[in-house]
Participant: 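The structure follows.
Positions are given from 1, in the same order as the sequence printed here. Since we're looking at a predicted model, the values are computed, not measured.
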Amino acid sequence: MTGNSLRIPLRPLSRILPARARGENTESIERENIRRRHEEVREDARLRAQSRLLVLAAIFIGLYSVVGLRMGMLSAAEPSEPRAVSTGSSIIAQRADIVDRKGRILATNMDTYALYVETEHLVDPEYTANQLALVFPDLKAEKLIKDFTGNRKFMWIKKKLSPDQVQAVHDIGDPGLRFGPREMRLYPNGKLAAHILGGASFGREGVDAAELIGVAGVEKTFDDRLRDPAQSGQALALSIDLSVQAAVEQVLYGGMKLLNARGASAILMDVETGELVSLASLPDFDPNHRPRPPVQGKPSDSPLFNRAVQGVYELGSTFKIFTVAQAMELGLVAPTTMVDTRGPIRWGKFKIRDFHDYGAKLPVWEVITKSSNIGTARIAQMIGAERQQEFLANLGFTKEIPLEMIEASGGKPLLPPKWSELSAMTISYGHGLSATPLHLAGGYAAIANGGYAVQPTLIKQTQPRLGDRVMSEKTARNAMRMLRGVVTNGTASMGEVVGYPVAGKTGTADKPSATGRYEKDKVIATFASVFPANDPKYVLVVSLDEAEDTTGSEPRRTAGWTAVPIAAEIIGRIAPLLGVRPVVENPDAADITKVNWN
């Protein structure tokens, strides 16, 4: 009984005794008291029962809500292995296209399917495994049978299927084989511009969608922008020209094979905007089937290695024009100033020699056309190490170039630990400082555009992007005349292209070995060129790794015999594609000795 019922006495003596004294019948009082007690007992029981029902109802509703919520979560979730997709999250698969400067597709998306297996629904695991091994030769039937009959309930078979493969899997007919819709990244031009694009792969994956993420090249650099749903309909326009890129790669590949080179690179850059109209590195790869990074050997042995922006080399005599340009800018020399070329120059145990004996003196312009190491080193002594370092820094040779591809961060120049006078002399002719071909292209662009630094870019520009002035227009003009003389009368005579006057400088640098010395008979041959020389528009840098011309009685490895002819063939192919109008030069004007240097 409750407390309320206990407060009602069993017999209401306070009422009975006075009633008896008055001679009244007390039974009605007794019955009334019993009735009230019974009502209290019933009310107490009702309240207890009601409380119990409310508690049971609350427990039932709570359990039902938990079960319902869990069922909703399971229905919204996408089962996947090996990555689990968080509840309620959505995978945005759409990725923006990448196009060249003329709007032609370089990278786009294609609808396809992924294949996965729910093993508990397999009707005949052994038969299905054998049939899948026939459709996909890279799969082993024995391993599939083991997986299908093991404890795994879910497993991926293939992340991307061709239409023929989809039909073949359909024909197997086992209900345990399931298809998940996919958007895959497609590079319709195959290997073309592979190092620029880089490639994409799947990130988070579910049975109904997969996330496309960039893994290298511009796909990696612009990953957030390409994945942004707000910009998915707006293609990323690059600076490269697909037709020019194809021509460059074709000629470069033929030259590399003809000269038995280990690798090659070519960079074509607009001298005023810094746009890279073409950037090629060989060997290359197909971004549709991007290979795995190597786990052993040299990085440069991998086709993933981008020689144009990651290859840090001594660039040889291509550096000499920077030394002469700085000396002219400082007023230390003029193009006709005579320079002592007697040698060798002795510095402690080191000797600086020329490839040929050029006599006791040469004018500055001929130091360039004949490519005299001694003459260039003498000029570097006039400049001094500190001023040389400052000038090369202004040209961008002392730090990596912030190009819009992740690989460019690996192209950090190797500088001497102590920039001494000896370092200044060897750097003046391209030894002792290592940089990438992209650095060299930027330096030559500054000469070609009249003396302004320029920042290389892979993004299409609408107007010139000239940086700080690094040399006067007069200095740049005289340097261009000297470079033109290298082609007409110097070491790059095989670089002449009919209708398209070319200026440039050769460079042949010995390859360093793992011991710190130089390899015997192994060189990096480079030709840095500018065309058309009469109205500079483009810089073309061609570099070959261990190229060798064997058409003569003895192997020839210098850039004049290897890199120069390839560059000339490239210019002859691409100049019309670039809209460069051919010119007819006066043959007499080609003689460098008749140039007016004032």
Participant: Are the side chains of Gln461 and Ser239 in contact, using a 4.5 Å heavy-atom criterion?
Facilitator: no

Participant: Whether the side chain of Asn373 engages the backbone of Arg353 through a donor-acceptor N/O pair (distance < 3.5 Å, no angle test) should be reported.
Facilitator: yes

Participant: Between Lys320 and Val367, is any pair of side-chain heavy atoms under 4.5 Å apart?
Facilitator: no

Participant: Looking at CE of Met425 and CD of Gln388, how far apart are the two atoms once the value is rounded to the nearest 0.5 Å?
Facilitator: 10.5 Å

Participant: Test of understanding: with salt bridge (charged side-chain N to carboxylate O under 4.0 Å, His left out), list the residues that count as partners of Lys370, not counting sequence neighbours.
Facilitator: Glu366

Participant: Measure from the side-chain N and O atoms of Glu249 to the backbone N and O of Ala193, and report whether any donor-acceptor pair falls under 3.5 Å.
Facilitator: yes

Participant: Do Leu332 and Ile383 come close enough that some side-chain heavy atom pair is under 4.5 Å?
Facilitator: yes

Participant: Can you name the closest pair of heavy atoms from Val215 and Ala200 and give their distance?
Facilitator: CG2-N, 4.0 Å

Participant: Taking all non-hydrogen atoms of both residues into account, name the closest pair between Ile566 and Gly255 and its distance.
Facilitator: CD1-CA, 3.6 Å

Participant: So how far is it from His439 NE2 to Lys412 NZ, rounded to the nearest 0.5 Å?
Facilitator: 10.5 Å

Participant: In plain terms, say whether Arg101 and Glu275 are close enough for a salt bridge, that is, a side-chain N and a carboxylate O under 4.0 Å apart.
Facilitator: yes

Participant: Are Leu268 and Leu578 close enough, and set up right, to give a side-chain contact (heavy atoms from CB on, under 4.5 Å), and what steps lead you there?
Facilitator: CA-CA 11 Å; Leu268 178 67; Leu578 294 168; 4.0 Å; yes

Participant: For Glu546, which residues count as a side-chain hydrogen bond (donor to acceptor under 3.5 Å, both in side chains) partner, sequence neighbours excluded?
Facilitator: Lys511

Participant: Leu106 versus Val99: any side-chain heavy-atom pair under 4.5 Å?
Facilitator: no

Participant: Rounded to the nearest 0.5 Å, how far does OG1 of Thr488 lie from CZ of Arg481?
Facilitator: 13.0 Å

Participant: Mark yes or no for whether Glu314, through its side chain, and Gly432, through its backbone, hold a donor-acceptor pair below 3.5 Å.
Facilitator: yes

Participant: Please round to the nearest 0.5 Å and tell me the distance separating atom CG of Asn489 and atom CZ of Arg484.
Facilitator: 9.5 Å

Participant: Testing the 3.5 Å rule here: is there a donor-acceptor pair between the side chains of Ser371 and Thr491?
Facilitator: no

Participant: Between the main-chain N or O of Ala559 and the side-chain N or O of Thr508, is there a donor-acceptor pair closer than 3.5 Å?
Facilitator: yes

Participant: Got a list of side-chain donor-acceptor pairs under 3.5 Å for residues 441-458, not counting sequence neighbours?
Facilitator:
unit_1	atom_1	unit_2	atom_2	d
Tyr444	OH	Thr318	O	2.7
Asn449	OD1	Gly451	N	3.2
Asn449	OD1	Tyr452	N	2.8
Asn449	ND2	Val271	O	2.9
Asn449	ND2	Ala445	O	3.1
Asn449	ND2	Tyr452	O	3.0
Tyr452	OH	Arg469	NH2	2.7
Thr457	OG1	Glu404	OE1	3.4
Thr457	OG1	Glu404	OE2	2.6
Thr457	OG1	Ile459	N	3.1

Participant: One thing to verify: whether Asp241 and Arg104 come together as a salt bridge, which I'm taking to mean a side-chain N less than 4.0 angstrom from a carboxylate O.
Facilitator: yes

Participant: Taking atom OG1 of Thr562 and atom CG of Leu258, what is their separation to the nearest 0.5 Å?
Facilitator: 11.0 Å

Participant: Taking all non-hydrogen atoms of both residues into account, name the closest pair between Glu407 and Ala216 and its distance.
Facilitator: OE2-CB, 3.3 Å

Participant: Ignoring hydrogens and angles, tell me if any N or O in the side chain of Arg465 forms a donor-acceptor pair with the backbone of Gly274 under 3.5 Å.
Facilitator: no

Participant: Would you say the side-chain atoms of Thr426 pair up with the backbone N or O of Ser423, donor to acceptor, closer than 3.5 Å?
Facilitator: yes

Participant: Does the Arg290 side chain pair with the main chain of Gly198, one donor and one acceptor, at a distance under 3.5 Å?
Facilitator: yes

Participant: Quick one: side-chain hydrogen bond (donor to acceptor under 3.5 Å, both in side chains) partners of Asp301, sequence neighbours excluded?
Facilitator: Arg262

Participant: Give the intermediate values and the outcome of side-chain contact (heavy atoms from CB on, under 4.5 Å) for residues Leu433 and Trp419.
Facilitator: CA-CA 10 Å; Leu433 184 153; Trp419 205 303; 3.6 Å; yes

Participant: Can you list everything that forms a side-chain hydrogen bond (donor to acceptor under 3.5 Å, both in side chains) with Ser428? Sequence neighbours excluded, please.
Facilitator: none

Participant: I'd like to know if the side chain of Arg378 and the backbone of Arg342 have a donor-acceptor N/O pair within less than 3.5 Å.
Facilitator: yes

Participant: Ignoring hydrogens and geometry, is there a side-chain-to-backbone donor-acceptor pair from Arg307 to Leu282 under 3.5 Å?
Facilitator: yes

Participant: Can you find a pair of side-chain heavy atoms, one from Leu276 and one from Leu403, that are under 4.5 Å apart?
Facilitator: yes

Participant: Under a 4.5 Å cut-off applied to non-hydrogen side-chain atoms, are Ile524 and Asp545 in contact?
Facilitator: yes

Participant: Looking only at non-hydrogen atoms, find the nearest pair between Asn189 and Ile105 and report the distance.
Facilitator: ND2-O, 3.1 Å

Participant: Any chance CD of Glu421 has more than 12 other-residue heavy atoms, nucleotides or ligands included, within less than 6.0 Å?
Facilitator: yes

Participant: May I have the step-by-step check of side-chain contact (heavy atoms from CB on, under 4.5 Å) for Leu540 and Phe531, ending in yes or no?
Facilitator: CA-CA 8 Å; Leu540 174 66; Phe531 71 96; 4.3 Å; yes

Participant: Do Ser434 side-chain atoms and Val312 backbone N/O form a donor-acceptor pair below 3.5 Å?
Facilitator: no

Participant: Kindly write out the residues that satisfy side-chain hydrogen bond (donor to acceptor under 3.5 Å, both in side chains) with Ser201, not counting sequence neighbours, or none if the list is empty.
Facilitator: none

Participant: Side chains of Val244 and Tyr538, heavy atoms from C-beta outward: is any pair under 4.5 Å?
Facilitator: no

Participant: So, for Asn534 and Val583, which heavy atoms are closest and what is the spacing to 0.1 Å?
Facilitator: ND2-CG1, 3.9 Å

Participant: Search all heavy atoms of Leu226 against all heavy atoms of Asp97 and return the closest pair with its distance.
Facilitator: CD2-O, 4.1 Å

Participant: Check the pair Val333, Met328 against side-chain contact (heavy atoms from CB on, under 4.5 Å), reporting the backbone distance first and the verdict last.
Facilitator: CA-CA 5 Å; Val333 299; Met328 290 191 296; 4.0 Å; yes

Participant: At what distance, to the nearest 0.5 angstrom, does CD1 of Ile98 lie from CG of Leu197?
Facilitator: 5.5 Å

Participant: So, for His195 and Phe285, is the gap between ring centers shorter than 6.0 Å?
Facilitator: yes

Participant: Do the side chains of Asp286 and Lys191 get nearer than 4.5 Å, heavy atoms only?
Facilitator: yes

